[in-house]
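Have a look at the structure below, then the notes.
Please read all numbers here as calculations on a predicted model, not as lab measurements. Chain identifiers are assigned alphabetically (A, B, ...) following the order of the sequence lines, protein sequences preceding nucleic acid strands; residue numbering begins at 1 within each chain.
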Amino acid sequence: MTVHTVISPDKRPGLAAEGVVRSDAAATNSAASRKLYKSRVPIYPKEAEGQYRSFKWAMMAFTLSIYYVVPWLRWDRGAGAPNQAVLVDLAHERFYFFFIEIWPQEVYYITGLLILSAVALFLANALFGRLWCGFSCPQTVWTDLFIWVETKIEGDRNARIRLAAAPWNANKIARRFSKHAVWLTIAGATGGAWVFYYNDAPTLLHQLMNGTASLGIYSAVAGLTFTTYTLGGFMREQVCTYMCPWPRIQAAMTDTEALSVTYRRDRGEPRGSHKKGQGWEGRGSCVDCNQCVAVCPMGIDIRDGAQLECINCGLCIDACDDVMAKIGQPRRLIAYDTEANILRRQSGEAARYRFVRPRTILYAGVLAAVSAIMLVTLTFRHTLDLDVVRDRNPDFVRLADGAIRNGYTLKLMNRTNRPQTLWLGVTGIKAKHIKVIGDGEITEPVAMRVDADRVRTVRVLITVAESELHSSHELTFVLSDQARGESRAVKAIFVPGAAQ
Amino acid sequence: MSKKEIDDVSGTQTTGHEWDGIKELDTPMPRWWLGLFWATIVWAIGYWIVYPAWPGISSYTHGLLDHSQRDRVTADVASLKAARADREKALGRASLSDIQTNPDLLQFAMAAGKTAFGDNCAGCHGAGGQGAPGYPNLNDDVWLWGGKLGDIEHTITVGVRSTSPQTRQSEMPGFGRDGILKPAQIDDLVEYVVHVSDRSADAGAVRRATPLFADNCAACHGPAGRGNRTMGAPNLTDNEWEYGSTRDAIKDQIWNGHGGVMPTWGGRLSPEEIKALAVYVHSLGGGE
């Protein structure tokens, strides 16, 4: 394996300023060195230290805890229903989320959730840039975790570069072996946790341990172990740069007032080495030490400006702040700032932050509206429901005495965890008779028993005498739960025969 | 080609082919591609050994696993049958009226009946049982041989004009075709049939046809033309016409005496299936 180091006259390693070591890091993914197709040049990010690094550690701990803990939370739903708080029960076609239970017919709740997530992403992006990419995306979290393992086993940036270039001796074999072993363990634990969202976690853990889980489960674990291992260990920044659509969408949606990790070129340029005792007049604060490049997990140079590869993780801010402290310059030469502010400063205006803009108002409005709709529909969600499908084959039936009969298939849904007696009635039509298959002719609402969490299919036949036929009829099926005062009315039509 | 030629720009060997000064490079396949290529070949050889692969004269190589899709389907069908066995037995034991009042059994019978109907009956009676000219509509309340559960079950079991010895049997003569009546008499009878179904008809013809109807038709269709279920003779006074209600259609039927055939399903379908079919057909709406 070779190490690609670009050494040019002005980028020679050495001291960038008094007490500041210039890194020999080259921005492997900078626009100048990018080609349409090329093999990946490995990136060896240096470990950063500072506010953003601490925040990133905290977010890693937080998101991983959610991922691993959630399937183990219990939620009592009564007998006969699973007691797992969050469960995608594919076998029984139910989705449980704490107090919410969603049936396949209600997949619009999932759509609503996806819309909410997308709009929240847009809003966060318009306000604070790519917070999602930098701190909470699983690709970021797991890559960060894998890099941390790598650093602990192989050492920091320089040690890793040396190890990569070193021949395969016992030391290298031992370190590489332990690194991959730990990676695979983490990957296995990742894939292993995923399946708990689809099955009762304690039962499945037991089955996984004694080898009695289904082949599908083991395949899922193996597949996710493989993808975690490759995405976190090998593909890393390439996932963001080449596979993820969000950087492109984000590039089209952002504006100059959105915060993002920005090199304040108004302050940093012209950059160059700084010697002890030299003044700061006529030059920028950037001493060209390349520390921002060395820590970047994406392999870019933030000083090139906003780039789609930049995940806004802020590690370059930490690295640069360190350097600024050493050379006695103010912090935040690289900072969460806006492009508009740089232009304002360059033209002598004061910087200002415009969080209230048409797009943020729009996103916040959509977010509030969709949340409200979701909340209302979930709160007033019917625990009983009725679907009516009129027979189409045949459309209608002419009886011997000239009367016309229509058939309807009704689905009575009981979404509670107890068997219910629901009352089914028909209103709005002057029928000769109404017949429920299994219950005979009915003249008033009839009691229907529907099992807990089940759908009961019932066929209803409605006959209208020849003398009562009009060009069109409407009728209403009413399903009500008299004990709880809930009811559902569904309109249907009655076809009075073929056009004469 | 004796000596290898290397392209200056790419550093790749050429094939030696040249067209108008453009030389074809012999760029090697990417490693990963070659690797996959060889892997698929190795996989294929393994597949031949494990799975059925090569055809012979009268048979084929069965492979180590002795895999057969047909056996799998047979096993799946058998396990499905086994899973249904309990309810099928219950269906066999229950009387037709019991099935009607047991929601669980009714649902099972309806599902089984619907499938059996689609497989065996829909060809003539239509997917929804709506019938067609010459094939009775099973949705309405007109039944040639009776619309009670038991009647329907019996009709399905023995068929109509079928090969079964117990078949439902009746024969409408071809009055014109066989020369039993004269054409003018048949025209009069057509007016008579139109008259009994409550439509306006030629009064003279009706008068002339009255004794003809009593002599030739009333034996089966009844003196008032209301039909007779024991003979499968249709009611001529209602709104339902198996072969059409126009004068031409009625004349055609008296002249030729059409009668359809329904096969006997007794030996072909299990008693449980026939029961389920009876319940399903009864539920279509016309059941009595």
Side-chain angles (χ1 to χ4, degrees), chain A residues 37-40 234 389-412 414 419 421-422 424 431-441 446-451 454-467 469 495 497-498 500, chain B residues 30-32 96-111 113-114 117-118 122 125-132 135-144 147 149 197-199 226-227 229 234-242 245 279-288:
Chain A
Y37 178 82
K38 67 169 183 179
S39 320
R40 175 178 184 250
F234 302 94
V389 182
R390 207 177 61 78
D391 284 2
R392 294 294 167 89
N393 185 19
D395 217 15
F396 61 89
V397 178
R398 186 182 299 280
L399 302 180
D401 61 1
I404 295 290
R405 200 189 68 219
N406 279 203
Y408 303 83
T409 301
L410 273 57
K411 304 232 179 220
L412 320 182
N414 170 15
T421 302
L422 306 176
L424 177 68
K432 190 177 165 199
H433 43 237
I434 299 169
K435 197 171 158 193
V436 177
I437 301 293
D439 273 270
E441 223 168 281
V446 60
M448 292 275 166
R449 193 175 162 79
V450 187
D451 289 342
R454 283 285 173 277
V455 180
R456 179 172 169 191
T457 306
V458 172
R459 242 172 83 76
V460 176
L461 303 170
I462 295 180
T463 308
V464 173
E466 196 173 18
S467 57
L469 290 171
V495 172
Q500 299 296 314
Chain B
R31 279 283 171 144
W32 63 267
L96 285 162
S97 53
D98 287 349
I99 296 171
Q100 287 270 300
T101 51
N102 178 340
D104 189 47
L105 218 48
L106 180 65
Q107 198 134 1
F108 179 68
M110 292 277 281
K114 189 174 181 174
F117 190 89
H125 290 287
Q130 73 273 31
Y135 302 97
N137 182 345
L138 304 176
N139 287 273
D140 61 23
D141 55 350
V142 174
W143 298 92
L144 294 174
L149 276 168
S197 66
D198 256 2
R199 287 179 283 172
R226 293 188 176 283
R229 282 185 177 174
N235 184 343
L236 303 176
T237 67
D238 63 17
N239 284 307
E240 283 302 306
W241 300 87
E242 199 175 333
S245 62
V279 170
Y280 175 73
V281 169
H282 188 268
S283 81
L284 288 174
E288 291 167 349

Which portion of B/Q107 sits near chain A, non-hydrogen atoms under 4.5 angstrom = side chain
Out of curiosity, B/D238 CG to A/D401 CG, how far, rounded to the nearest 0.5 Å?
-> 9.0 Å
Is the backbone N or O of A/A400 less than 3.5 Å from a side-chain atom of B/D140, with the two atoms forming a donor-acceptor pair by type?
-> no
Closest non-hydrogen atom pair between A/P394 and B/G128, with its separation = CD-O, 3.6 Å
Flag if over 12 foreign heavy atoms under 6.0 Å of CZ, B/R199 = yes
Kindly give the heavy-atom pair with the smallest separation between B/L106 and A/I437, and that separation in Å.
-> CD2-O, 4.2 Å
Any donor-acceptor pair under 3.5 Å linking the side chain of A/R405 with the backbone of B/G285?
-> yes
Just how far is it from atom OG1 of A/T457 to atom CE of B/M110, taken to the nearest 0.5 Å?
-> 9.0 Å
CG on B/N139 to CZ on A/R398, rounded to 0.5 Å = 13.5 Å
How about A/N393 and B/Q130: do any of their side-chain heavy atoms sit closer than 4.5 Å?
-> yes
